[in-house]
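Quick notes on the structure that follows.
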Amino acid sequence: MTSRLLEEGRARVDETLHKGYAPSHFSHNLKLIFVEDSRSPASLSMKTKIASTGERSARLRTLEPPTLIWWAIAFPMRQWSGGRKMSGSTFDSLVRHAPRYAVQAESLLGAVADDLDRFRQKYPFCEMLQKFLNKPITHCKVISKDTRTVLSQQGRYINLSGARYDCLTRLPDLLYHGIEESRKYQEEKNNFALISTALEIFVPTDPNKDDAYALVPIGTSVVWRILRELGIVE
C-alpha cells in the first residue's frame with residue numbers, strides 16, 4: 001500500500017513539474033493543515049473525523065517546509081485526512097518515507113509560489129501558516145563559490161550524494177547517457193564540433209593532498225532517473 005501511494009504521489013509531483021503550476025488540491029491541503037477547522041460537527045462520526053484530521057495535520061506540520069510542500073502536492077486530502085480510507089499505520093509510514101521522496105521539493109517552488117503568496121495574504125493572522133511561510137524553504141546543501149568555477153554561482157544547484165556501492169558498476173553507462181542528453185553535448189554535436197568539451201578533468205597541483213575530479217554535464221531530462229539508478233534517491 002505504502003509503495004503504491006508513494007509512486008502515485010511521485011507521479012503527481014512529476015506532473016506538477018511538467019505543467020509548471022500546482023494542482024487544486026495543494027491549496028486545499030495547506031488550508032486543512034494550517035488553518036483551524038471552525039466547523040461544528042453535526043455528528044459523532046464527523047467529530048471523530050475532524051479530530052483525526054487535526055492530529056494528522058499536527059504531525060505534518062513537523063515536516064521540513066520542502067517536504068510538506070511535496071506532501072501537499074503528492075497526496076490529495078481525500079487520501080490522507082481523518083476518516084478516510086487511509087489507516088493510521090499507512091499514514092505514519094508515508095510520513096516517515098516522505099523526506100526521502102521529497103528531493104524534488106526545491107524544483108516545485110516555482111510552481112507553488114503564487115499559491116503560497118495568496119495564502120500569505122489571505123490568512124495574515126494565522127500564526128502557524130505565517131510561521132511556515134517565513135521559514136527558509138530550501139534545505140538541500142547549495143554548492144558554494146569555492147567548489148569549481150563552472151558551478152560557482154550560489155543558489156543555482158543543489159548537491160545530492162550517497163550512491164550505493166553496488167550501483168557504481170553502472171556509472172560509466174549512466175554518465176555516458178547523461179552526457180549525451182546534456183545541452184552542452186547536443187550543441188557541440190549540432191555544430192559539428194571535432195571534439196567535445198563536455199568532459200573536464202581537474203588534476204590537483206598537489207597529488208599527495210587532493211584527488212583529481214571529473215566534471216560532466218548531465219541532461220536534466222534524465223538526471224532523476226540516473227539518481228534513482230545509483231540509489232541516491234528512491
Using 30° and 60° as the class limits, which term best fits the ring planes of Trp71 and Trp80: parallel, tilted or perpendicular? perpendicular
State, to 0.1 Å, how close Ala22 and Val112 come at their nearest heavy-atom pair, and which atoms those are. CB-CG1, 3.9 Å
Spell out, yes or no, whether Ile179 and Tyr176 are grouped together once hydrophobic residues are joined by side-chain heavy atoms under 4.5 Å, including indirect joins. no
Side chains of Arg183 and Thr220 in contact at under 4.5 Å (non-hydrogen atoms): yes
Arg4 and Glu8 ion-paired at < 4.0 Å: yes
Are Leu109 and Ile69 packed together at the side-chain level, in the sense that at least one heavy-atom pair is separated by less than 4.5 angstrom? yes
Quick check: do Phe119 and Lys31 have side-chain heavy atoms less than 4.5 Å from each other? yes
Side-chain contact, heavy-atom cut-off 4.5 Å: Asn134 with Arg120? yes
Quick check against the 3.5 Å criterion: does Thr67 have a side-chain atom that pairs as donor or acceptor with the backbone of Leu63? no
How far does CG of Leu32 sit from NE2 of His25, to the nearest 0.5 angstrom? 12.5 Å
Would you please test His177 and Arg225 for side chain to side chain contact (heavy atoms under 4.5 Å, CB included) and show each step? CA-CA 11 Å; His177 181 55; Arg225 184 179 70 80; 3.0 Å; yes
Applying a strict under-4.5 Å side-chain criterion to I, L, V, M, F, W and Y, I'd like to know whether Leu168 and Leu175 cluster together. no
Do the side chains of Lys19 and Glu15 get close enough for a salt bridge, i.e. N-O under 4.0 angstrom? yes
How far does CZ of Phe75 sit from CG of Leu6, to the nearest 0.5 angstrom? 5.0 Å
Is Ile218 linked to Leu199 within one hydrophobic cluster, defined over Ile, Leu, Val, Met, Phe, Trp and Tyr using a side-chain heavy-atom separation of less than 4.5 Å? yes
Quick one: OH on Tyr185 to CG on Asn190, what's the gap to the nearest 0.5 Å? 10.0 Å
Here the gap from Leu5 atom CG to Leu94 atom CG, rounded to the nearest 0.5 Å, amounts to 5.5 Å
Does the side chain of Leu116 reach to within under 4.5 Å of the side chain of Leu30, using non-hydrogen atoms? yes
Find out whether Leu60 and Asn29 are in side-chain contact, i.e. whether some heavy atom of one side chain is under 4.5 Å from a heavy atom of the other. no
Considering only heavy atoms from C-beta outward, does the side chain of Met86 approach that of Arg56 to under 4.5 Å? yes
Could you pull out the closest heavy-atom pair between Ser27 and Asp115, with the gap in Å? OG-OD2, 3.2 Å
Tyr165, Ile232: one ILVMFWY side-chain cluster at the under-4.5 Å cut-off? no
Non-hydrogen side-chain atoms of Leu133 and Tyr123 separated by less than 4.5 Å: no
Check whether any side-chain N or O of Thr16 sits under 3.5 Å from a backbone N or O of Arg12 as a donor-acceptor pair, and report yes or no. yes
Smallest heavy-atom separation, Gly231 atom then Arg164 atom, equals CA-NH1, 3.6 Å
Any chain of hydrophobic side-chain contacts (each under 4.5 Å) joining Tyr213 to Leu215? yes
With a 6.0 Å cut-off (strictly less than), is the heavy-atom count around CD of Glu7, excluding the residue itself, greater than 12? yes
If only atom types and distance count, is the side chain of Ser57 paired as donor or acceptor with the main-chain N or O of Thr53 below 3.5 Å? yes
Cationic N near anionic O, under 4.0 Å, Asp173 to Arg170: no
Flag if over 12 foreign heavy atoms under 6.0 Å of CZ, Arg61: yes
Between OG of Ser3 and NE2 of His97, what distance do you get to the nearest 0.5 Å? 7.0 Å
What is the minimum heavy-atom distance between Pro99 and Arg96, and which atoms define it? CD-O, 3.4 Å
First locate atom CE of Met1, then atom OG of Ser93, and finally report the distance between them rounded to the nearest 0.5 Å. 11.0 Å
